[in-house]
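None of these values were measured; they are calculated from a predicted model. Chain letters run A, B, ... following the sequence lines, proteins first and then strands; every chain starts at 1.
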2 protein chains.
Amino acid sequence: MSVESLSALDRSTLRERSLEALRAAILSGRYRPGDHLGEVELAGSLGVSRGTVREALRHLQQEGLVTAGTRGMLRVNSLTPAEVHELFRVRAALEALAVREVVASPRREAAAAALRAAVEQLTDEAEPAARMEADLAFHLQLCRLSGNSMLVEAWQRLEGRMRVAILDGADRQAPMMARERHVPIVEAIERGDAEAAVRVVDAHMSDAAEHFAAPSRPA
Amino acid sequence: MSVESLSALDRSTLRERSLEALRAAILSGRYRPGDHLGEVELAGSLGVSRGTVREALRHLQQEGLVTAGTRGMLRVNSLTPAEVHELFRVRAALEALAVREVVASPRREAAAAALRAAVEQLTDEAEPAARMEADLAFHLQLCRLSGNSMLVEAWQRLEGRMRVAILDGADRQAPMMARERHVPIVEAIERGDAEAAVRVVDAHMSDAAEHFAAPSRPA
DNA sequence: CCGCTGTCGACTGTCGCCAGTCCACACCAG
DNA sequence: CTGGTGTGGACTGGCGACAGTCGACAGCGG
């Protein structure tokens with residue numbers, strides 16, 4: 001029943017490690033959408049007390065990976081196709097702001113270079129999880145380069161939900177993560193053509209929503 | 001030292017009541033930015049245990065009203081002028097998406113009517129706090145009418161920070177909350193002119209950022 | 001007078017426990 | 001056989017206490 005033993009080697013708090021372990025367990029599919037996450041069971045699995053698990057669960061709840069059911073019980077959350085579409089539209093709005101700010105920034109040259117580097121990490125051969133990481137890293141980098149901390153935070157709050165949506169439709173994720181999909185964004189930024197970049201991002205997000213909204217696990 | 005006694009009359013949990021009380025205490029200025037929020041002190045003030053206060057504080061931390069300082073201690077957060085600008089730019093992006101979706105919605109007529117009603121709540125005479133509430137209610141309503149739940153959630157995550165920013169510059173908030181500032185948005189939506197509505201929202205947010213970014217409380 | 005050190009205090013991290021509540025299931029009366 | 005009932009189990013809500021850690025301050029040596 002053990003999720004994964006918490007190595008007590010690093011200096012972070014138990015709460016942080018538990019949070020990380022829980023998030024990884026959910027994202028890895030160890031717990032499926034709808035599964036009940038009992039505090040006592042998790043406390044036993046993680047080797048920590050209930051209170052510690054509680055805080056981690058509350059955090060995941062705010063992240064949207066976990067939702068409250070009957071009697072305050074928490075279950076692994078899943079997204080409806082409609083929610084996936086909504087999610088990607090919000091993401092598109094945020095990233096559109098990001099590209100506009102990057103283009104308008106005096107550090108546009110350096111930003112474009114950094115994005116070039118991030119795009120190179122999008123390998124076409126790695127396993128799905130690694131591809132997703134590289135893809136998310138690119139988009140997060142894009143937000144970071146805008147220099148807008150509030151934007152970064154808002155984007156990161158969507159990240160958990162995006163991961164579940166992407167992993168749910170992992171069978172068809174390959175084309176979305178391709179390097180060719182991201183290069184045009186960087187090129188438009190390099191040209192200083194914000195509107196073109198926004199259009200590319202919008203189209204990219206729209207396609208992605210279409211791909212990942214398909215209910216692959218009827219559960 | 002008592003923040004405010006929690007009436008044990010309603011049916012909500014202690015955690016929720018504590019959270020509400022704490023948020024109100026911070027937003028009301030009972031605690032100033034930078035103030036240390038001790039778990040034991042708050043527990044005593046609220047008449048609940050430390051664990052309960054802890055969870056409420058963690059929630060406020062994610063809301064951005066509270067930030068972690070040395071040794072995990074939590075302090076009331078404040079926003080730099082730059083952050084206020086960033087905040088309103090993100091908000092503008094989200095509300096622009098909202099108006100686009102409202103205009104594109106088949107329920108546009110009904111939505112416009114609901115916004116008309118919300119605009120009427122923007123009285124020019126009430127006290128600052130009430131004006132802010134009406135203003136935020138209008139904008140939240142706008143997001144809700146988009147029917148995009150992810151958008152609503154993203155917006156609400158900014159709400160706490162917006163409140164602190166607005167209250168910090170409450171001395172000059174009056175013009176921003178005026179009804180005339182919001183009527184054009186509704187009118188553009190009624191006309192079905194999404195781009196015009198977006199421009200109005202953008203301008204509104206830009207002005208607001210300018211107003212509320214002024215450091216009024218040098219602390 | 002200045003710097004180092006040891007001790008004290010305060011605060012958070014974490015834990016185990018008790019209480020309240022809801023659900024499921026067995027049981028019994030009709 | 002069916003419906004109401006009661007009882008047991010499981011789960012979360014909430015609490016008090018212990019332990020670890022860091023900062024402040026007084027005291028001592030140079």
Side-chain angles (χ1 to χ4, degrees), chain A residues 1-23 25-26 31-32 34-63 65-77, chain B residues 1-23 25-26 31-32 34-63 65-77:
Chain A
M1 271 309 170
S2 149
V3 172
E4 116 184 37
S5 256
L6 295 173
S7 61
L9 294 176
D10 59 297
R11 224 164 257 99
S12 61
T13 65
L14 277 182
R15 179 176 64 87
E16 287 166 0
R17 285 202 294 274
S18 302
L19 175 60
E20 208 60 42
L22 242 63
R23 185 161 28 210
I26 293 176
Y31 296 106
R32 293 300 189 80
D35 280 4
H36 167 52
L37 297 175
E39 296 178 357
V40 282
E41 178 196 333
L42 292 175
S45 302
L46 296 168
V48 297
S49 86
R50 263 190 59 216
T52 305
V53 172
R54 266 174 85 101
E55 288 194 31
L57 284 174
R58 288 272 141 73
H59 198 101
L60 290 175
Q61 189 179 2
Q62 283 213 325
E63 283 187 24
L65 269 70
V66 154
T67 187
T70 315
R71 170 106 186 98
M73 296 192 185
L74 298 178
R75 335 182 308 269
V76 177
N77 199 8
Chain B
M1 271 308 170
S2 148
V3 173
E4 111 183 41
S5 256
L6 297 173
S7 60
L9 295 176
D10 61 291
R11 224 165 261 98
S12 60
T13 66
L14 276 182
R15 181 177 63 88
E16 287 167 1
R17 286 203 294 276
S18 302
L19 175 59
E20 208 60 42
L22 239 60
R23 184 163 31 210
I26 293 175
Y31 296 106
R32 293 300 191 79
D35 280 4
H36 166 54
L37 297 174
E39 295 178 358
V40 281
E41 178 195 334
L42 293 175
S45 302
L46 296 166
V48 296
S49 87
R50 263 189 60 212
T52 306
V53 172
R54 257 176 96 88
E55 290 194 28
L57 284 174
R58 287 274 140 73
H59 197 103
L60 291 175
Q61 188 180 2
Q62 283 213 325
E63 284 187 24
L65 269 71
V66 154
T67 187
T70 317
R71 169 99 192 105
M73 296 192 185
L74 298 178
R75 334 182 310 268
V76 177
N77 199 8

Trainee: Choosing from C:dC15, D:dC22, C:dG20, which nucleotide comes nearest the side chain of A:Thr52?
Mentor: C:dC15

Trainee: Quick one: which of D:dC11, D:dG13, C:dC15 gets closest to the side chain of A:Val40?
Mentor: D:dC11

Trainee: Look at the side chain of B:His36 and decide which nucleotide, out of D:dT12, C:dT14, C:dT12, has an atom nearest to it.
Mentor: C:dT12

Trainee: If you pin B:Gly51 and A:Glu39 to their nearest nucleotides in DNA chain D, which one's is more 5'?
Mentor: A:Glu39

Trainee: Can you find a donor-acceptor pair, distance only, under 3.5 Å between B:Arg54 side chain and D:dG14 base?
Mentor: no

Trainee: Base, sugar-phosphate, or nothing: which does B:Leu37 touch, judged by heavy atoms less than 4.0 Å apart?
Mentor: sugar-phosphate

Trainee: Is the closest basic N to carboxylate O distance between B:Glu20 and B:Arg17 below 4.0 Å?
Mentor: no

Trainee: Looking across every strand, which nucleic acid part, if any, lies under 4.0 Å from A:Arg75 by heavy atom: base, sugar-phosphate, or nothing?
Mentor: nothing

Trainee: Is there a donor-acceptor pair under 3.5 Å between the side chain of B:Arg50 and the backbone N or O of B:Ala43?
Mentor: no

Trainee: Write down the atom of B:Ala56, the atom of B:Leu19, and the distance for their closest heavy-atom approach.
Mentor: O-CD1, 3.6 Å

Trainee: To the side chain of B:Ser49, which of D:dG16, D:dT12, D:dG20 is closest?
Mentor: D:dG16

Trainee: Would you say A:Thr13 reaches C:dT12's phosphate, i.e. side-chain N/O to OP1/OP2 under 4.0 Å?
Mentor: no

Trainee: Between the base of D:dG13 and the side chain of A:Arg50, is one N or O donor paired with an acceptor at under 3.5 angstrom?
Mentor: yes

Trainee: Name the nucleic acid region contacted by B:Gly38, choosing base, sugar-phosphate or nothing; use a 4.0 angstrom heavy-atom cut-off, strictly under.
Mentor: sugar-phosphate

Trainee: Over all heavy atoms of both residues, which pair between A:Leu57 and A:Glu39 is shortest? Give the atoms and the distance, please.
Mentor: CD1-CG, 4.0 Å

Trainee: From the set C:dT12, D:dG14, C:dC22, return the single nucleotide nearest to any side-chain atom of A:Arg71.
Mentor: C:dC22

